[in-house]
Amino acid sequence: PPERLVVVDRWQPQLDDTKRPQKFLHPHWGLVKPFALECGGQLRPPPPAPAGSGQFSAQMAEIIGISAGLTDREKLIAEYWAGMHEDKVEDSPVTSASGNAYWTVPPVQCCRIARSVARKHCFRNSNVIKMFFALSNALLDASIAAWDCKVHYDYGRPDSVIRHVMDEETFSAWGGPCRGPVEMEGEGWCPYVPTPPFAEYPSGHSTFSHALAEIVHCFHGNDDYGECVTFPARSSVVEPDCTPSAEVTLTWDTLREAADQAGMSRRYAGIHFCDGDMRGRELGKEVARVVWRKVCCYFRGISPQHPGL
């Protein structure tokens, strides 16, 4: 296992499949020039809960409780938003033969969802172009804002935090594929989905998904969605021998509902705390609003630096 933590709430690289320490993915990304934001840190959220605080303890307890009670539906929500089931989505470029080997990333999922919305509402090409111009720039700025925050706070992930703080405590949690909840000490805790190689705060999934929902709402006037995806029995990527025990269907009436679920999926997965999820949701909305104001200037044929704006 990784070395003992020196600073409890700082990010610690986990060991990858080759037993080598992770390297922080794209630590420079918060320094990239945004489309509409003045800089990556313009909308930076307040600090996450510090080690030793009541909030810090509460967020650990929540993740352990979620892990102990994971249902088939919650496991599939975690897998779906982690990009493991693109082969089950209508009109996906991923085939059933390649689906389990292909994990898509949030911006790709967001663009696929936006395409579905455009087709459902029969957008003309001119509107599709405008919507994707707004969305792609919102996703760019969302990524910059999220990574600025991740690097700035360098916050610890549940796996390292729980293993360190709870190492001498015994509790019930998910014990691995098809084992269900088992009694363990903190040192043996693991997330349902592997932990990504970068800091926790805030959740990128929460940031991206709420940027999507906000842009579509601004563009279309509502966030109607109406898609669904069905998982046959034993179609899980993490637990293919037992999950789900019967067919499960996920449905979303609105994009905000889908975005909220995308954020919550990272807590089901065991790789984000509540603060990381909720602050990410707020950040995504705020970024999208800034981007929307700028793209509207282009749509109206005026300079974004117009003194009346």
Could you pull out every donor-acceptor pair under 3.5 Å between side chains of residues 124-136 and any protein atom, sequence neighbours left out?
unit_1	atom_1	unit_2	atom_2	d
Ser136	OG	Phe132	O	2.7
Ser136	OG	Phe133	O	3.3

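- Applying the ring pair (Phe, Tyr, Trp, His ring centres under 6.0 Å) rule to Phe56 yields no partners; only residues at least two apart in sequence or on another chain are considered.
- Between Phe198 and Trp147, the gap from one ring centroid to the other is short of 6.0 Å.
- Residues meeting the salt bridge (charged side-chain N to carboxylate O under 4.0 Å, His left out) test with Glu257, sequence neighbours left out: none.
- In this view, Asp154 and Arg10 satisfy the salt bridge (charged side-chain N to carboxylate O under 4.0 Å, His left out) rule, not counting sequence neighbours.
- Taking the ring pair (Phe, Tyr, Trp, His ring centres under 6.0 Å) definition, one finds that Phe219 meets it with Phe123, sequence neighbours left out.
- Pairs engaging residues 8-64 under the disulfide (SG to SG under 2.5 Å) rule: none recorded [sequence neighbours left out].
- Take Arg44 and apply the salt bridge (charged side-chain N to carboxylate O under 4.0 Å, His left out) test, not counting sequence neighbours, and it matches Asp148.
- If you check the side chains of Arg267 and His272, you find no donor sitting under 3.5 Å from an acceptor.
- Among residues at least two apart or in separate chains, disulfide (SG to SG under 2.5 Å) pairs with a member in residues 158-213 are Cys178-Cys242.
- For Glu74, the salt bridge (charged side-chain N to carboxylate O under 4.0 Å, His left out) test picks out no residue, with sequence neighbours left out.
- With sequence neighbours left out, the ring pair (Phe, Tyr, Trp, His ring centres under 6.0 Å) criterion links Phe299 to no other residue.
- Listed by chain and number, the residues in a ring pair (Phe, Tyr, Trp, His ring centres under 6.0 Å) with Tyr192 are Trp174 (sequence neighbours excluded).
- With sequence neighbours left out, Ser265 forms a side-chain hydrogen bond (donor to acceptor under 3.5 Å, both in side chains) with no residue at all.
- Using a cut-off of 4.0 Å between Lys/Arg side-chain N and Asp/Glu carboxylate O, Lys120 and Glu227 are scored as not salt-bridged.
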